[in-house]
Each structure stands twice: as C-alpha cells, then as structure tokens.
Amino acid sequence: MRQYWMTKDPIQINDCIERVIRPEAGAISTFIGIAREFTEGKRTLYLEYEAYVPMAVKQLERIGREIQDKWPEARTSIAHRIGDLGISEIAVAIAVSSPHRDEAFQASRYAIERIKEIVPIWKKEHWEDGTKWMGDQKEQVAYHDGKLKRGGK
Amino acid sequence: MRQYWMTKDPIQINDCIERVIRPEAGAISTFIGIAREFTEGKRTLYLEYEAYVPMAVKQLERIGREIQDKWPEARTSIAHRIGDLGISEIAVAIAVSSPHRDEAFQASRYAIERIKEIVPIWKKEHWEDGTKWMGDQKEQVAYHDGKLKRGGK
Amino acid sequence: MIQVLLFAGLKDKVGSSSLRIKEENITIEELKRTHLGIYGVEELLQQSMVAVNEEYAEMDTILKTGDVVAFVPPVSGG
Amino acid sequence: MIQVLLFAGLKDKVGSSSLRIKEENITIEELKRTHLGIYGVEELLQQSMVAVNEEYAEMDTILKTGDVVAFVPPVSGG
C-alpha cells in the first residue's frame, strides 16, 4: 500500500487516514484541499489539475521523508487528484498521525506548504468567462529565479 | 443536522466533513483524536469516556461560536465519543472549513485546545494493571482554583 | 431542593453520580462546605469547575430550589 | 538526444508537451538559449524550476544523451 499517490479517481480522506493509524498514534491531523466555487465573488465552474506524475510522486515521498526527519514519530500519507474536478471535490488529502497532537498539526501544515512549493502539479481555473493556469500562489520569491526552495533538516 | 454532538456509536470523520463543506470552502482541516495503545511503553487495553452530555454539547456549540467570532468564514463540526473505545477508535473528530487554509488550521487547533479546557468529558485509562481517571492534561493552572479559562474574543 | 451532579473521580469517591440536598438560597461555596465535607473530596472539589443548570458558574452563585449543580473535575476529553 | 518536457502554461505556449532535441553534453542553460528561444517563452522559463530525470537540478547541470529535462513552471497543487 503506497503512502503517496496521484490519482484520476475521487479521493477519500479515509484512504489516507487508514495508512497512518498505528498503536502509538493518539492524534491525526488531516488537511483537505477542495475545489472552491466562489473566490471573492468570482465563480469557478471546475478545476483542472495537470502533473508531472512520476516526479510528483517522488516529491510527495520526499515531503514524507522531510516530515520524518523533523518529527520522527509522525507518519504521513498524501494523495493528489489530477484531471477535472467539480466544485467541492477533493484536490489533495493529507493525513499525519503522531503520538501527540502538536506534531500532527505542525506536520500536516508543513506538508501542504511544501506541496505548494515543490510538487510539480498545476491548477487551471475554468471560470464562466475564461481559463487560467495558476502559479506561484505562495508568492515565493524563490520561484522567480527558477531555484528550488530547500526544505528538510 | 446538528454540527456538534456526543455519541456512543463509532464516529466517522466524513460525518463532520460533510457538515462543513460549502461552495466558498477551499480548505478543510480536521483533527482526529484516537485511542492510543502505547504511551511511553505502557499499554492501554481500552479507554472509557464519561461526559455530562447536555452540557458538553452546549460547550462544543460555544467553541463553534468562539471560532466563528475569531474566523468569521470558518465552519466547524465536532463529534465526541462516550463509552468504551478500543485501540485506534476515534474519540473526537473536528472538521473546520474555510476559504483558505490558514484559518482552517488555526481554528481546528483552537477547537481541540478548547475541548481540553472547557468541555465536561473525562477519560479513564484501562491498563493491564489498573485504571485511572485522567485530568488536567493541559496542566492549566486555571483548573486548580476551579475557575474557567475564558476564550472567545 | 438542589440536585448535585458528580463525575469521573469525584463520582467514584463519593460513590454516587447525583445527590439531592434540601437547601435553597445558599451559595455553591456554602453547599460545598456544609453538605459535601463528609465525603472527603475537598481536594478534588477544589480543583473542579462548577456549573449551574449546564452553564459554568462562579462559587458565589446563589442556588435556588430546582437548580442542578455540577462539579466538573479537570476535564480530559479529546 | 535529449527529451524536454513542458507543462501547464509553458506547454500551452510552446504548443507541445514534449520536444526531442539532438544535443548532448550541454548545460540546461545552453539548451534553453539555443533551442527554446524560438518559442517566445523566456519569462516563463525564467520563472521555472528544472528537473533532470525526475529530480530537481541546477541550470549548469550538463545533459547527457537520453536525459529527460522537465521545465517546471511555478506549481499550484494542493
């Protein structure tokens, strides 16, 4: 059972949760990114996600290793959707378990921030009046010169 | 459909998630507290939760109002189990949706901290060699003089 | 008549989850002192929060007949 | 032979998701300058990270034949 995957099929958060449950775990923090219909009044019809799939999986695995380095007792699972998503469908699901809640919260937050930095996935907004490939949503200067922001230890 | 409830039946995180999804939501942060088998090597056989149920529901609703005051666009749902729980069963499930992830993370963290402060629920550990009612796990001085730590605005 | 609810360790030590006390117009502090002293649970009561009719209340709240007073030992939900 | 992969806006502007370039022993920077200039995507390439064989790489990496170079425009997953 892979802990990190990309899929064209709808994601169930429980698929991630069941991969991180273990007897030492007392806390699970999950993060779910869903397709938002209204952004400051502007209406999205659907989202389209494209990815460099094999590399995206490797980068998700890398995020998992970074989390394990930072929080050794944490266990992580991440799934990301590709293709077309209707409103309120799950784009990304992250689950992190740990003995106590503090690390679980920190690690799941870390995971989504890193996804937005290093995982080769792109979102295209389909509005009523046009489309646009979104990028650079973190407004990281690091992107602009084409360099990778290093994480981990 | 109630957003906040206490139950003797197993909790599904999706029951909380479906209560907070809305077209403006792009992020959902959930927290799941599960029965941990091993705590620093000591083995728990099962957990028992007791609650002052009607008041506990009111306090969960109060936490929801506090969250709405702090993060007006957040929507919250919380379920807490009572009775006996086997290892890895869900004791508490929290889901918070919001347009963006920062508020969702903050609010779900806030919810679990407040649950541990003000909601009249008690956990009894059943170990191989005895039992104990747990209390004061936050080590809040506020408890020792019987005063309520005020939250909200 | 005032109803007193007890939970968790407090319930175990007192040996009951509910007490009925024939009093009214007394404060919670007075109720503790005059009616709960016999159970030897001073320390737990000292650590407990108190609720009247399902809402947290202060120790100087005056209890009316029919009120339900709950002693809430340090909570451990979640 | 070097394979170049393009994604998202970069793919749309170039009009292809993959290019085959008859070169070897050149840096990524040189590849960009000599073979991608014709597509008018300098700004997007400038903002992009680059990966060789599915791992992020620096612009001065020297490409061997058979390498797969991916230009990764600012990502927007999650």
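Here is how names work: the chains are called A, B, and so on, in the same order as the sequence lines, proteins then strands, and each is numbered from 1. Computed from heavy atoms alone, side chains included, the values below leave out hydrogens, waters and symmetry copies. This one's a predicted model, so the numbers in the text were calculated from it and none came from an experiment.
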Seminar exercise, completed: If you tally heavy-atom pairs under 4.5 Å between each of B:S108, B:A91, B:A35 and chain A, the highest tally belongs to B:S108
Exercise. Hey, is the main chain of B:P99 close enough, under 3.5 Å, to the side chain of A:R36 for a donor-acceptor pair?
Worked result: yes
For this session: Rounded to the nearest 0.5 Å, what's the gap from OG1 on A:T30 to CD1 on B:I32? Could you check?
Result: 5.5 Å
For this session: Please flag which part of A:A25 lies under 4.5 Å from any non-hydrogen atom of chain B: side chain, backbone, both or neither.
Result: both
Exercise. Checking heavy atoms, do the side chain of A:T44, its backbone, both or neither come under 4.5 Å from chain B?
Worked result: neither
Exercise. Can you find a heavy atom in the side chain of B:E37 that is under 4.5 Å from one in the side chain of A:R22?
Worked result: no
Exercise. Measuring from B:I17:CD1 to A:I13:CD1, what's the distance to the nearest 0.5 Å?
Worked result: 6.0 Å
Problem set entry | Under 4.5 Å from any heavy atom of chain A - which part of B:S97 | neither
Exercise. Has the side chain of A:R109 got a donor or acceptor atom that lies under 3.5 Å from a matching backbone atom of B:F105?
Worked result: no
For this session: Look up atom CD in A:E24 and atom OG in B:S88, then write down how far apart they are to the nearest 0.5 Å.
Result: 9.0 Å
Exercise. Counting heavy atoms not belonging to B:E73, are there more than 12 under 6.0 Å from its CD?
Worked result: no
Exercise. Which is it for B:R101 and A:K116 under the side chain to side chain contact (heavy atoms under 4.5 Å, CB included) test, yes or no, and what are the steps along the way?
Worked result: CA-CA 12 Å; B:R101 66 189 178 284; A:K116 288 173 181 288; 3.5 Å; yes
Problem set entry | Side chain / backbone / both / neither for B:N14 at chain A, heavy atoms under 4.5 Å | side chain
